[in-house]
Amino acid sequence: MGHYKSNLRDVEFNLFEVFGREQVYGTGPFADMDVDTAKNILSEISRLAENDLAASFTDTDRTPPVFDPETNTAPIPATFKKSYQTFMDAEWWRLGIPEGIGGQVTPSSLVWAYAEQVLGSNPAIWMYSSGPAFAGVVYEEGTEEQHKVAQRMVDGLWGATMVLTEPDAGSDVGAGRTKAIKQEDGSWHIEGVKRFITSGEHDMSDNIIHLVLARPEGGKPGTKGLGLYIVPKYDFDWETGELGERNGVYATNVEHKMGLKASNTCEMTFGAKHPAKGWLLGEKVDGIRQMFKIIEFARMMVGTKAIATLSTGYLNALEYAKERVQGADIANFLDKTAPRVTITHHPDVRRSLMTQKAYAEGMRALVLYTASVQDDVLAARLRGETDEAAERLNDLLLPIVKGYGSEKSYEQLAQSLQTFGGSGYLQEYPIEQYIRDAKIDTLYEGTTAIQGQDFFFRKIVKDGGQALTAVSEQIQKFIATGEGGDALAAEREALGKAAGDLEAIVGKMLADLTAVQQDVTNMYKVGLNATRLLLVSGDVVIGWLLLRQAAVALAKLEAGASEKDVPFYRGKVAAARFFARNILPTTAPQRLIAEAVDNEIMELAEEAF
């Protein structure tokens, strides 16, 4: 068994005891995916993740791919190739991709439940295996003729990339200068340089399909003028998939990174050696909307990756703490002959472990709650309908999953390391790699500041507050109906106060936004509170989800839970109470800070920094 420790019991608890997925699986459009099938899938993927996938996690970090500038290649180490091939051979990647290209209709909640196992054990495997998922976007957005490309991607198990960022533009995607030049045969030649391209070069598939944002020559400025182009590493026969000549897209550098070294992060140059031939997806300039289908999937992936890493970090720390003997019980401080005890007997270790547990399990609930909302979105689409309320709610939750999830996971992984003491700083244990690999999650697919701004301006203001109100109403209903009974009365009260603090922060930001009409610099005040709003929102939602779990656990205990389940349910109650008593009260000072925000820092001369 490798480094990875799955928490399948908690995954199934969320799906089938808290979020009611047993009422969804095996019904309607998901008729072929019943509960027993789903549990078998999760069990098998968990076993695969803990063993075969985790096997190359450490090795590839120590001996990562090396870029050869002479050949523009970065070969992947053999140990990782073996893990990757094992995953691809198992064909779990078919879950959730369109049936038209060989996929299986699958609830999103099951997809992300299984994704946690892969992303926690060896995240680069998930990233390199994105070809079939990206093929789904080509299939859904492409022309009838381009459906053949999607099929070739799946049949050939080709790799795929999302190509947005440019060295000078960064997150300002609309400032990109990569251009597309129309050819007489209907294809396009792409010219430009892109940066930070995940899986841009490797030798684990015969071909790589790059989905590239570029501006048609003479096109509109800004994001609305961007098209999305299908640019293969090798040209190929669309009918048979047979590979042709090397296309003019090359990796011209592979970044030397702090962590996640198994994943090649590349600079990609288009059209410098010879033409980089591509095709406009859907034969229409609608690239930013099309790319956002991938970006939103990627943001969900990044949040899930971060949370999965915290979970295994916590479980590794817990195992170590149960075995590490050091010092006497502090209650026996006067007895110099008192026996040495395991560090789980020490108050601060317990405080730290319970904090890790609460965040890890609360944020898993966040991912699976969001994915359950996506079940509603998907089910409606498969019926030929639109569930606008579910779509709005999903949009609201995604920045919390990605932004809050990545920030809190990185923060708490430091606590996991702390549990190990000096040993945690060594490579004998996986925590130091977890921390290095997880830091990128706060940066991937939009930094936390970008997530905060998106959360406020697009998911609250532009939405008219509909989705936020829907969540607030669910929280207030939970409090009003007294779920969990007297045992959670104080905790529900703490949740109510925290929800009030969140409402006040939103109110302050809306007031500042309105005041922009009188003084445009009030927009700075909004910006200064955006990340705070995102993090406080995460605390409130996590607090609510943990208390929902605790209410279910209490009911199970009262009904006479099995002996083996009693500790699990008691742990659920304890984590919810701890979070409500130790984390939710911190929203009050955040409210005070938000309400007192002014522009003094914005008026300060740069030289003073």
Side-chain angles (χ1 to χ4, degrees), residues 68-76 88 101-102 128-164 178-194 197-217 226-252 254 264 266-285 287 290-291 294:
D68 183 348
E70 296 297 321
T71 61
N72 301 98
T73 60
I76 306 300
M88 298 307 288
I101 51 175
Y128 281 118
S129 69
S130 62
F134 286 18
V137 175
V138 174
Y139 182 77
E140 292 171 352
E141 291 291 330
T143 63
E144 195 71 31
E145 188 70 8
Q146 289 170 351
H147 288 177
K148 298 175 182 177
V149 176
Q151 191 65 63
R152 299 286 78 79
M153 292 172 70
V154 172
D155 291 348
L157 296 182
W158 292 348
T161 67
M162 50 187 295
V163 186
L164 294 84
T178 296
K179 64 180 179 179
I181 305 164
K182 187 71 175 286
Q183 303 300 301
E184 291 183 2
D185 65 358
S187 67
W188 299 73
H189 286 177
I190 311 299
E191 296 181 359
V193 178
K194 298 282 190 174
I197 309 306
T198 299
S199 310
E201 173 58 37
H202 59 86
D203 60 345
M204 294 189 299
S205 60
D206 294 332
N207 206 359
I208 301 173
I209 300 297
H210 304 287
L211 298 180
V212 186
L213 277 181
R215 195 178 313 280
E217 199 169 36
L226 296 171
L228 188 58
Y229 296 85
I230 303 166
V231 184
K233 179 179 179 180
Y234 289 95
D235 202 357
F236 61 96
D237 186 306
W238 287 24
E239 299 294 338
T240 67
E242 182 179 354
L243 299 184
E245 296 181 354
R246 183 70 161 81
N247 202 10
V249 49
Y250 292 89
T252 42
V254 172
N264 281 336
C266 305
E267 174 189 81
M268 304 298 297
T269 300
F270 296 80
K273 291 187 176 184
H274 52 94
K277 187 178 182 180
W279 293 268
L280 180 61
L281 183 61
E283 294 294 348
K284 57 184 176 181
V285 179
Q290 294 167 332
M291 183 61 93
I294 303 175

If you measure from OG1 on T73 to CG on D68, what distance do you get to the nearest 0.5 Å? 5.0 Å
For a quick test of reading the model, state the closest non-hydrogen atom pair linking F236 to P232 and the distance between them. CE2-CB, 4.0 Å
With Q151, which residues qualify under side chain to side chain donor-acceptor pair (under 3.5 Å), at least two apart? D155
Give every residue pair that meets the side chain to side chain donor-acceptor pair (under 3.5 Å) criterion with at least one member in residues 237-246, sequence neighbours excluded. K148-E239
Between side-chain atoms of residues 272-283 and protein atoms elsewhere (two or more places apart, or another chain), which donor-acceptor pairs fall under 3.5 Å?
from	atom 1	to	atom 2	distance (Å)
K273	NZ	N72	OD1	2.7
H274	NE2	Y250	OH	2.8

List for me each residue that meets salt bridge (charged side-chain N to carboxylate O under 4.0 Å, His left out) alongside E267, sequence neighbours excluded, and say none if there are none. none
Considering the options L243, I208, I209, which one meets the side chain to side chain contact (heavy atoms under 4.5 Å, CB included) requirement together with Y234? L243
Is a side-chain donor or acceptor of K194 paired with a backbone partner of L164 at a separation under 3.5 angstrom? yes
Applying side chain to side chain contact (heavy atoms under 4.5 Å, CB included) to F270 and V163, what does each step give before you reach the verdict? CA-CA 11 Å; F270 296 80; V163 186; 4.1 Å; yes
Hits for side chain to side chain contact (heavy atoms under 4.5 Å, CB included) against Q183, two or more places apart or cross-chain, chain-then-number order -> I181, D185, S187, H189
Partners meeting side chain to side chain contact (heavy atoms under 4.5 Å, CB included) with T198 (sequence neighbours left out): M127, S263, Y444
Value for CZ (F134) from CE (M162), rounded to nearest 0.5 Å, stands at 6.0 Å
Nearest heavy atoms of M268 and G200, plus distance in Å: CE-O, 3.5 Å
Applying side chain to side chain donor-acceptor pair (under 3.5 Å) to H210 and not counting sequence neighbours gives T161
Quick note, salt bridge (charged side-chain N to carboxylate O under 4.0 Å, His left out) partners involving residues 202-215, not counting sequence neighbours, are K81-D203
Set of side chain to side chain donor-acceptor pair (under 3.5 Å) partners for S129, sequence neighbours left out: none
Answer whether the closest heavy-atom distance between the side chains of W188 and K182 falls below 4.5 Å. yes
What residues form a salt bridge (charged side-chain N to carboxylate O under 4.0 Å, His left out) with E70, not counting sequence neighbours? none
Side chain to side chain donor-acceptor pair (under 3.5 Å) with T269: which residues, sequence neighbours excluded? T252
Across all chains, not counting sequence neighbours, the ring pair (Phe, Tyr, Trp, His ring centres under 6.0 Å) partners of Y128 are F80, H202
Heavy-atom check, side chain of Q146 versus side chain of E141, under 4.5 Å: no
What I'd like to find out is whether the side chain of N247 reaches to under 4.5 Å of the side chain of V231, using heavy atoms alone. yes
Would you check if V285 and L226 make a side-chain contact, meaning some heavy-atom pair closer than 4.5 Å? no
